[in-house]
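To start, the structure itself, in structure tokens.
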Amino acid sequence: MRPRRFAAQGPLKGRIRVPGDKSISHRSIMLGALAVGETRVTGLLEGEDVLSTAAAMRAMGATIERQANGDWLVAGVGVGGLLQPNGALDMGNSGTSTRLLMGLVASHPITACFVGDASLSKRPMGRVIDPLSQVGALFTAYPGGRLPLIVEGAATPVPLTYRLPVASAQVKSAVLLAGLNTPGITTVIEPVPTRDHSERMLRGFGADLSVELDSDGARVIRLVGEAELKPQTITVPGDPSSAAFFAVAALIVPGSDLVIENVGLNPTRAALFDVLRQMGGSIEELDRRDVGGEPVADLRVRASTLTGIDVDPAVVPSMVDEFPVLFVAAAHAQGRTITRGLEELRVKESDRITVMRVALEQAGARVQETEDGLIIDGTGGEGLRGANNHPVATHLDHRIAMSLAVAGLASAAGVEVDDTRPIATSFPVFEQLIATATGQ
């Protein structure tokens, strides 16, 4: 374990640039590996999760290399061309890699064994196994539908019409990726919209994909199978989930005035910034533009007096990963913040509802846990007391570790995080950027 105490270091100033979007990075590697020809990716997130995806695609036949200038080149094998891997595919901590790659394998006549670290091995995969079994794949999983898990892909996959029982971009993407090598039309019906990177990128790579709204407002996504994907040149925008930590830090640390450059503002991902504005946060978009089909802007964030709100559960799918750091913002607001509809947080890398409640209480916040969220009574703008005498437990969860680091930057006595190693899964330069922003 690698503990670290995060303490007040003064205001966050100047300009920083967060690493590339994790969701887009995963998909650019996967789809590049299924295209015929060479895909170039600029700004790829080089965190452990994305590197797990790259290693798995290499194991199934793609050539993936990092260039001296930081670009990545992917020479694909074509849809239907995945090769039998020689050994288990180690997914590390990445639930996205696991679920999306299960979809790819499900419609190819190969067998793959997925393994992961202790945290990933606790996460349920049943929500992906159910629809992919209907495609024709066979699964052998650890009890409870967990890793280690063996997927035997279907030699003759069957096109599927699947209505998502819960909002999940990972399940949607797994079914669509299975549809790439399945004859006929694969249809996903999405009652609640989730992040749409898969749809955007599949179209960008040349797949025949359409999206319509049905009579009850659900999104109906149709993909024509046996696709021929064309290689692309991709520029990955900055990850809004990573920018979220610095946005909240700049809002709650007095005197801060920080510009976060090149932040992806896909409307299915950027709800946190709208919620923070509803709370009174000063977040200004500079030079809004389009990069590779994704909306992007620089965000100027200034220290603000926040007010507690009742967060609309409808925004949950478009900011599900940002709730841990929103809880930190709420702990510094004036009045009460109520969150609901967060059941999905209980099956992330940790039970993020309980873990954040315990950690914030330890740092001096007033928090009540409910079945599907937290109720937080803020300090009115004062920093939290801090938890300097006892490390807060992050349970191998990178977003818990970074959220508590942000709380530490605005605290009286600092917050000690029990292990900073998981941060590398999604944001390997997080601590370096804190030093840059605080002038340390």
Side-chain angles (χ1 to χ4, degrees), residues 1-12 93 117-123 244-246 248-254 306 308 321-333 336-337 339 342 345-370 373-428 430-435 437-438 440:
M1 297 179 75
R2 190 167 65 228
R4 175 176 169 181
R5 177 175 170 265
F6 292 88
Q9 300 176 39
L12 287 76
N93 188 246
D117 68 9
S119 172
L120 181 60
S121 298
K122 295 177 182 176
R123 299 180 67 179
F245 298 105
F246 285 90
V248 170
L251 289 174
I252 66 175
V253 175
L306 302 179
D321 288 331
E322 286 72 72
F323 272 94
V325 78
L326 176 68
F327 296 152
V328 174
H332 292 81
R336 171 170 284 188
T337 297
T339 61
L342 306 184
L345 267 65
R346 294 202 183 274
V347 292
K348 290 289 189 176
E349 284 84 337
S350 68
D351 178 343
R352 288 178 173 167
I353 295 177
T354 295
V355 171
M356 281 302 297
R357 190 261 305 163
V358 171
L360 284 172
E361 285 181 338
Q362 195 175 325
R366 292 176 293 166
V367 187
Q368 302 173 51
E369 180 176 344
T370 64
L374 293 181
I375 300 170
I376 301 173
D377 290 297
T379 62
E382 296 295 320
L384 296 177
R385 179 193 70 238
N388 190 34
N389 295 327
H390 193 279
V392 294
T394 58
H395 297 270
L396 299 175
D397 190 329
H398 56 130
R399 298 202 192 279
I400 302 295
M402 289 185 281
S403 297
L404 271 297
V406 169
L409 296 178
S411 68
V415 173
E416 184 168 338
V417 171
D418 67 348
D419 194 355
T420 58
R421 291 176 303 166
I423 292 172
T425 64
S426 67
F427 201 162
F430 174 74
E431 294 174 83
Q432 177 185 329
L433 285 185
I434 288 178
T438 57
Q440 301 301 307

Within the 4.5 Å heavy-atom criterion, are [X] and [Y] side-chain neighbours or not?
X	Y	value
Phe246	Ile434	yes
Arg352	Arg346	no
Val392	Glu416	no
Met402	Ser426	yes
Leu326	Val248	no

Considering residues at least two apart in sequence or located in another chain, which fulfil the side-chain contact (heavy atoms from CB on, under 4.5 Å) criterion with [X]?
X	result
Arg366	Asp377
Val358	Thr354
Lys122	none
Ala365	Ala331, Leu360, Val367, Leu384

Looking only at heavy atoms, what is the nearest atom pair of [X] and [Y], with distance?
X	Y	result
Asn93	His398	OD1-CD2, 4.4 Å
Leu396	Ala118	CD1-CB, 4.4 Å
Ala363	Val415	CB-CG2, 4.2 Å
Ala249	Leu12	CB-CD2, 3.8 Å
Val253	Pro11	CG1-CA, 3.8 Å

For [X], give me all partners under side-chain hydrogen bond (donor to acceptor under 3.5 Å, both in side chains), at least two apart in sequence or on another chain.
X	answer
Glu431	Arg4
Glu382	none
Ser411	none
Ser350	Asp397

side-chain hydrogen bond (donor to acceptor under 3.5 Å, both in side chains): pairs with one or both residues in residues 322-333, sequence neighbours excluded: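 Found Ser241-Glu322.
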Which residues pass the salt bridge (Lys or Arg N to Asp or Glu O under 4.0 Å) test with Arg357, sequence neighbours left out?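 Partners of Arg357 by the salt bridge (Lys or Arg N to Asp or Glu O under 4.0 Å) criterion, ordered by chain and then number, come out as Glu361, Glu369.
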For Asp418, give me all partners under salt bridge (Lys or Arg N to Asp or Glu O under 4.0 Å), at least two apart in sequence or on another chain.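 For Asp418, no residue satisfies salt bridge (Lys or Arg N to Asp or Glu O under 4.0 Å) once neighbours in sequence are set aside.
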If you measure from the Lys or Arg side-chain nitrogens to the Asp or Glu carboxylate oxygens, is any gap between Arg399 and Glu349 under 4.0 Å?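 Looking at Glu349 together with Arg399, the answer is no, because their closest N to O distance does not fall below 4.0 Å.
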Checking side chain to side chain contact (heavy atoms under 4.5 Å, CB included) for the pair Met356/Ile400: CA distance, chi angles, key distance, verdict? CA-CA 7 Å; Met356 281 302 297; Ile400 302 295; 3.5 Å; yes
Check whether Arg385 reaches the backbone of Gln362 with its side chain - one donor and one acceptor, N or O, closer than 3.5 Å.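 Yes, because the side chain of Arg385 sits within donor-acceptor range (under 3.5 Å) of the backbone of Gln362.
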Side chain Thr438, main chain Gln9, donor-acceptor under 3.5 Å: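 Checked: no pair found.
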Stepwise, does the side chain to side chain contact (heavy atoms under 4.5 Å, CB included) test hold for Thr420 with Met1? CA-CA 8 Å; Thr420 58; Met1 297 179 75; over 6 Å; no
Atom pair [atom1] ([X]) and [atom2] ([Y]), whose distance is rounded to the nearest 0.5 Å:
X	Y	atom1	atom2	result
Thr337	Leu374	OG1	CG	10.5 Å
Ile353	Leu345	CD1	CG	5.5 Å
Leu433	Phe427	CG	CZ	5.0 Å
Leu306	Leu251	CG	CG	5.5 Å
Phe245	Leu404	CZ	CG	10.5 Å
Ile376	Arg336	CD1	CZ	10.5 Å

